[in-house]
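Quick caveat, the model's predicted, so the values are computed rather than measured. Counting from 1, the numbers follow the sequence of the chain as shown.
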Amino acid sequence: MVKQVIKCKNCKAEFTPVRFNQKFCFDTDCVRVWVELEKEKQWQSKKKILKSEMKTTQDLIKDAQIVFNKFIRLRDKDKPCVSCDKPLGAKFDAGHYFSSGGHKAITFDEDNVHGQCVACNQHKHGNLISYQIGIQKRIGAERLLSLHEDAHKIKKWSRDELEQIILTYKSKVNEIK
């Protein structure tokens, strides 16, 4: 059996590793560098966990909204604007039929959010009359009535629900891509 000789990541001296994944020789300085790198890796993983635990519900809502809107844009990229029926083009919004500010229960309801051109969503404040006609064509009258009922329910999102929404829509985004 031929022993492999490799170069130390720190001092660049050649050595024969004792373990298959050994990257540093046993020189005192090199071991010190290796220990510091390991400590840094552990700190980075712990920091990531601490950061996620420190997020407020509001932070999670923002994160969920970002990934949810990304999904809506990918889902509707080949459809016309829900309000004016014009092609959406490269830049368009994920327009809410019921605003997410006043209707928390359906903020992340796929029936409530559709691809909408910037002109309708931002300049015409949602172009809601045309939106209602377009949404009824897309989801049907029965689901639209159900959406109207759900819109007036009171909802307070929990951390677990929001984390699940984020995971679900990240998965859906990856499926579409």
Side-chain angles (χ1 to χ4, degrees), residues 38-177:
E38 287 302 310
K39 283 181 183 177
E40 180 64 24
K41 282 181 190 175
Q42 288 175 356
W43 166 244
Q44 290 301 328
S45 67
K46 187 175 181 178
K47 187 168 81 171
K48 188 176 182 180
I49 292 167
L50 290 172
K51 266 184 149 179
S52 70
E53 288 173 355
M54 285 177 52
K55 283 192 174 186
T56 64
T57 307
Q58 215 47 42
D59 293 334
L60 291 172
I61 287 173
K62 287 177 187 172
D63 292 349
Q65 192 70 63
I66 289 168
V67 72
F68 178 76
N69 287 353
K70 186 174 188 176
F71 164 74
I72 296 298
R73 285 185 181 100
L74 287 170
R75 180 194 72 183
D76 292 355
K77 70 179 179 187
D78 297 325
K79 296 178 182 175
C81 172
V82 69
S83 298
C84 67
D85 240 11
K86 292 179 183 170
L88 288 171
K91 186 177 183 321
F92 63 95
D93 294 337
H96 289 71
Y97 178 60
F98 287 102
S99 69
S100 56
H103 304 89
K104 296 290 184 201
I106 57 170
T107 297
F108 304 110
D109 187 326
E110 292 179 28
D111 283 347
N112 184 47
V113 187
H114 298 273
Q116 196 174 30
C117 68
V118 174
C120 286
N121 192 37
Q122 294 178 22
H123 306 303
K124 295 179 183 176
H125 306 287
N127 196 2
L128 292 177
I129 293 176
S130 298
Y131 197 138
Q132 185 171 2
I133 295 166
I135 197 172
Q136 187 169 348
K137 287 179 186 174
R138 286 193 186 179
I139 68 172
E142 193 174 306
R143 281 171 52 191
L144 182 59
L145 283 173
S146 175
L147 187 65
H148 274 270
E149 290 171 12
D150 293 343
H152 302 290
K153 293 179 181 172
I154 296 172
K155 175 71 177 166
K156 184 172 174 132
W157 295 100
S158 71
R159 289 183 69 82
D160 292 337
E161 288 173 316
L162 292 167
E163 288 168 352
Q164 188 57 49
I165 287 169
I166 291 167
L167 289 174
T168 300
Y169 284 101
K170 277 185 178 179
S171 169
K172 286 185 175 190
V173 164
N174 288 334
E175 283 176 22
I176 292 174
K177 284 184 176 180

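The side-chain contact (heavy atoms from CB on, under 4.5 Å) test with C117 singles out one residue from P80, S83, C84, and that residue is C84.
Side chain of Y131 to backbone of C120: no donor-acceptor contact under 3.5 angstrom is found. Remark: the backbone N or O of D93 is not paired with any side-chain donor or acceptor of N121 at under 3.5 angstrom. Side chain of D109 to main chain of D111: a donor-acceptor pair is present (N/O by atom type, distance under 3.5 Å, no hydrogens or angles).
In this structure, K170 places its NZ atom where only 12 or fewer heavy-atom neighbours from other residues, nucleotides or ligands lie under 6.0 Å away. Atom NZ of K79 has more than 12 heavy atoms from other residues, nucleotides or ligands within 6.0 Å. In E142, the CD atom is not crowded: 12 or fewer heavy atoms of neighbouring residues, nucleotides or ligands sit closer than 6.0 Å.
Q164 and D160 form no side-chain donor-acceptor contact under 3.5 Å, judged by distance and modelled atom types alone. Side chains of E38 and Q42: a donor-acceptor N/O pair is absent below 3.5 angstrom, by distance only.
Legend: salt bridge (Lys or Arg N to Asp or Glu O under 4.0 Å) pairs involving residues 121-139, not counting sequence neighbours, sorted by first then second residue: D76-R138. The stretch residues 45-59 participates, sequence neighbours left out, in these salt bridge (Lys or Arg N to Asp or Glu O under 4.0 Å) pairs: K55-D63.
Taking the six-membered ring where the residue is Trp, F68 and H96 present tilted rings, their angle falling between 30° and 60°.
For the pair K39 and W43, the NZ or CZ position fails the cation-pi test of under 6.0 Å to the six-membered ring centre and within 45 degrees of the ring normal.
In this structure, the ring of H148 has its center less than 6.0 angstrom from the ring center of Y97.
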- [ ] Could you give me the CA-CA distance, side-chain angles and deciding distance for Q132 and Q136, then say whether side chain to side chain donor-acceptor pair (under 3.5 Å) is met?
- [x] CA-CA 6 Å; Q132 185 171 2; Q136 187 169 348; 5.3 Å; no
